[in-house]
Protein chains: 2
Amino acid sequence: MRYVMVQIPKSAPFPTPVPRSVPTSADVARLAGVSRATVSYVLNDSGAVRISDATRRRVHEAAEELGYVPHAAARSLRAGHSRIVLMPAPSFPAGPLYSRFIEELQEALGRLDYTVVQHATAGRHGDEAARAWAELRPVAVLVPGSGIGPEGVAVLRRAGARAVVTLGSGPVEGAHALLMDHESVGHCAGAHLHTRGRRRIGVVVPEDRDLDVFSRPRLAGVRRALRGTGATVTELALGYDEPSAARLAARWRDLGLDAVFAYNDEYAMLLMRALQDEGVRIPEETAVLGADDLLLGRLLRPRLSTVHLDLPSGRDLAHLVDRAVRDPGAPPQRHTVLGATVVPREST
Amino acid sequence: MRYVMVQIPKSAPFPTPVPRSVPTSADVARLAGVSRATVSYVLNDSGAVRISDATRRRVHEAAEELGYVPHAAARSLRAGHSRIVLMPAPSFPAGPLYSRFIEELQEALGRLDYTVVQHATAGRHGDEAARAWAELRPVAVLVPGSGIGPEGVAVLRRAGARAVVTLGSGPVEGAHALLMDHESVGHCAGAHLHTRGRRRIGVVVPEDRDLDVFSRPRLAGVRRALRGTGATVTELALGYDEPSAARLAARWRDLGLDAVFAYNDEYAMLLMRALQDEGVRIPEETAVLGADDLLLGRLLRPRLSTVHLDLPSGRDLAHLVDRAVRDPGAPPQRHTVLGATVVPREST
DNA sequence: TTGAAAGCGCTACCAT
DNA sequence: ATGGTAGCGCTTTCAA
């Protein structure tokens, strides 16, 4: 980290002197010459009570003058529930596709007036982490990957969470599940390569173990697609860097493969380039197939064939959460998402 | 969104019947046969008071049995302060570089025992948004881009925020600033292209106006680098899609440029491919320079030259925030980060 | 060593 | 139409 420090001129150490204490509704009441109850009624526009316009104005002015801002914690303590949706940080490095999905989801939840809290699950894991999450008394919890067990779900529900949704991992008792069907991605890929006449198929599995949640099911899916066809499936470890790709490419001819499903477009691009540098002709000698349908995949030559994933939109999931929150009695549901379709371009 | 619903068997609508109410410290006290005060002492391991081991054990057992989890809101209400670090969602589409930075930052803050709250700033903007943020009484606020003015900073400080840090935009009175010096990125790019003997230089400015915060300073930097050299600078609007790139490439020969700084690697890759499809030889006819030093830039042929950005690590910033929180009296500081260095490869 | 009680800021009853 | 007040769950004096 390189930086240059510049001292602010002494003349203005602070633009506004930091007030000793934060104004409360009592301060507003005092200034407006009314009771705290009245302040609350006015500021919350409570339909149940009628307040004269004169008083309303006085209260609003007082609030304005003091720069009053209600205290969310106090409010939700009193109310007995929060609008917090908790999302533990994913335990795997999020790709561009997943990042965008999360961003969309957050925005949509915000629009529904939820407060999204990203909780970094530093160190803790599993049901121990669930206890930390429960302290926030979230109204809903969205857990990516395999970050929670039945115990954890129970803890959260006991702490008042009206919906627990697991994202991507296998179903957990008591929780709603949004299953990402990565197995079918692999199946799709395997079937496509087989259709193209390929019989000796490599499958890239990232060395990053945190990606196992995705890569293992994809590999399994390829295996299933090819079972009984006489085609072979070879697992290929690959790190996300050029030397690793170069090493793999160097022994490519020995591997004798005629196709490879490269986990996703990024790994596919990396490997394809390494193979080309090694003189391997694509797709003639080896077909290369990615996944995620990134824009950049179209920029290589040959254009990268890919498996397009039909992720739910963030808005969809947000509404799903909202519905679950509104009807917490409903039995946990499992939604299997991820329509996978091959986008054949030039590399297969 | 395509999904298949599967009903959970009726026999187990819920693994554990949802208890009517969340256990409080009073429940624990009752079960352990002690007072609430004692429970608090035991569970917080308060050094100030000595509690007999027998009592300690009874309290712990009771807490365990009830599945007691303290209520964060109540605690921080009583304490008068929170450990919340608020981060409004960025108002611009975050690239891979920025996303990773944010993730790192969140993890580091979590490790320092802060709770990171991502607040989706749906609709609201500027000082109006600041009021919404202040409701959470965050101990620190990290605002990416130009999302806040002096008024907003004052509101947050009044609400008890001990540190307000702006990320990337110009300095705001009263707030610490982590200035991302995008102007120098442009300067660096301009200087490099000039050194390479280029004199008619195009600069890509993404059509996405949300990226103006970054793209405008970069453009200005190029202009500054080339001022007085007789070289020309041409602004080029470009959308992040292939048709847009193709349109720009189609009129390339008319533009008569011999170099282009393409905002970042992604736009550079997009444009470079379109130019090549148009028959423009790179770098002979036109040099192409990106920024961000993404791995994928190395996969094109020619390899993409780029401006490498020396971002601070998330850990660094987290510690900076922590220090500011611990010493809230200190005058706001401005840190200018982003060491920019050209990584010349084959495209320039 | 433990308990009683006050109070953080807010809202919703029940009076007036 | 407005005010008094109880109490959400927690910590922390002060007293015993």
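Keep in mind that what you see is a predicted model, and the values were worked out from it rather than measured. Computation of the quantities below employed the complete heavy-atom set of this structure, encompassing side-chain atoms and omitting hydrogens, waters and symmetry-equivalent molecules. So you know, we letter chains A, B, ... as the sequences are listed, proteins then strands, and number each from 1.
Listed nucleotides: dG4(D), dT11(C), dG3(C). Nearest to the side chain of Ala37(A): dG4(D). Among the nucleotides dC10(C), dT2(D), dG3(C), the one closest to the side chain of Ser35(B) is dG3(C).
With respect to Glu135(A) and Arg131(A), no salt bridge is recorded, no charged nitrogen being found less than 4.0 Å from a carboxylate O.
Distance NE2 (His71(A)) to C1' (dG9(C)): 7 Å, rounded to an integer number of Å. One can place NE2 of His81(A) at 12 Å from C1' of dT11(C), the figure rounded to the nearest angstrom. Here the P atom of nucleotide dG9(C) and the OH atom of Tyr41(A) are 20 Å apart, to the nearest Å. In this structure, Arg57(A) atom CZ and dT2(D) atom P are separated by 12 Å, rounded to whole Å. Here the C1' atom of nucleotide dG9(D) and the CZ atom of Arg78(A) are 13 Å apart, to the nearest Å. Here dT2(C) presents its C1' atom at 13 Å from CZ of Arg56(B), a figure rounded to the nearest Å. One interatomic measurement links the two molecules: CG of Leu77(B) to P of dT12(D), which rounds to 13 Å at whole-angstrom precision. Rounded to whole Å, atom C1' of dG9(C) lies 15 Å from atom CG of Leu136(B).
In this structure, Ser40(B) reaches the bases: a heavy-atom distance under 4.0 Å links it to at least one base atom across the strands shown. In this structure, Arg75(A) reaches the sugar-phosphate backbone alone: every heavy-atom distance under 4.0 Å involves primed, P, OP1 or OP2 atoms, never a base. Residue contacts for Val49(B): at a heavy-atom cut-off of 4.0 Å it reaches a base atom on one of the strands shown. Within the 4.0 angstrom heavy-atom criterion, only backbone atoms of the sugar-phosphate kind lie near Thr55(A); the bases stay farther away.
The side chain of Thr38(B) contributes an N or O atom lying less than 4.0 Å from OP1 or OP2 of dG3(C). Contact annotation: Ser25(B) side-chain N/O to dG9(D) OP1/OP2 distance is not under 4.0 Å.
Taking CE from Met180(B) and OH from Tyr98(B), the interatomic distance works out to 6.0 Å, rounded to the nearest 0.5 Å. In this structure, Leu66(B) CG and Arg158(A) CZ are separated by 9.0 Å, a value rounded to the nearest 0.5 Å.
More than 12 heavy atoms of other residues, nucleotides or ligands shown are found within 6.0 angstrom of CZ on Arg83(A).
Toward the 5' end of DNA chain C, the nearer of the two residues Thr24(A) and Ser52(B), judged by each one's closest nucleotide, is Ser52(B). Residue-to-nucleotide proximity on DNA chain D shows that, of Gly33(A) and Ala74(B), the 5′-proximal contact is made by Gly33(A).
No side-chain heavy atom of Leu136(B) sits under 4.5 Å from any side-chain heavy atom of Ser82(B).
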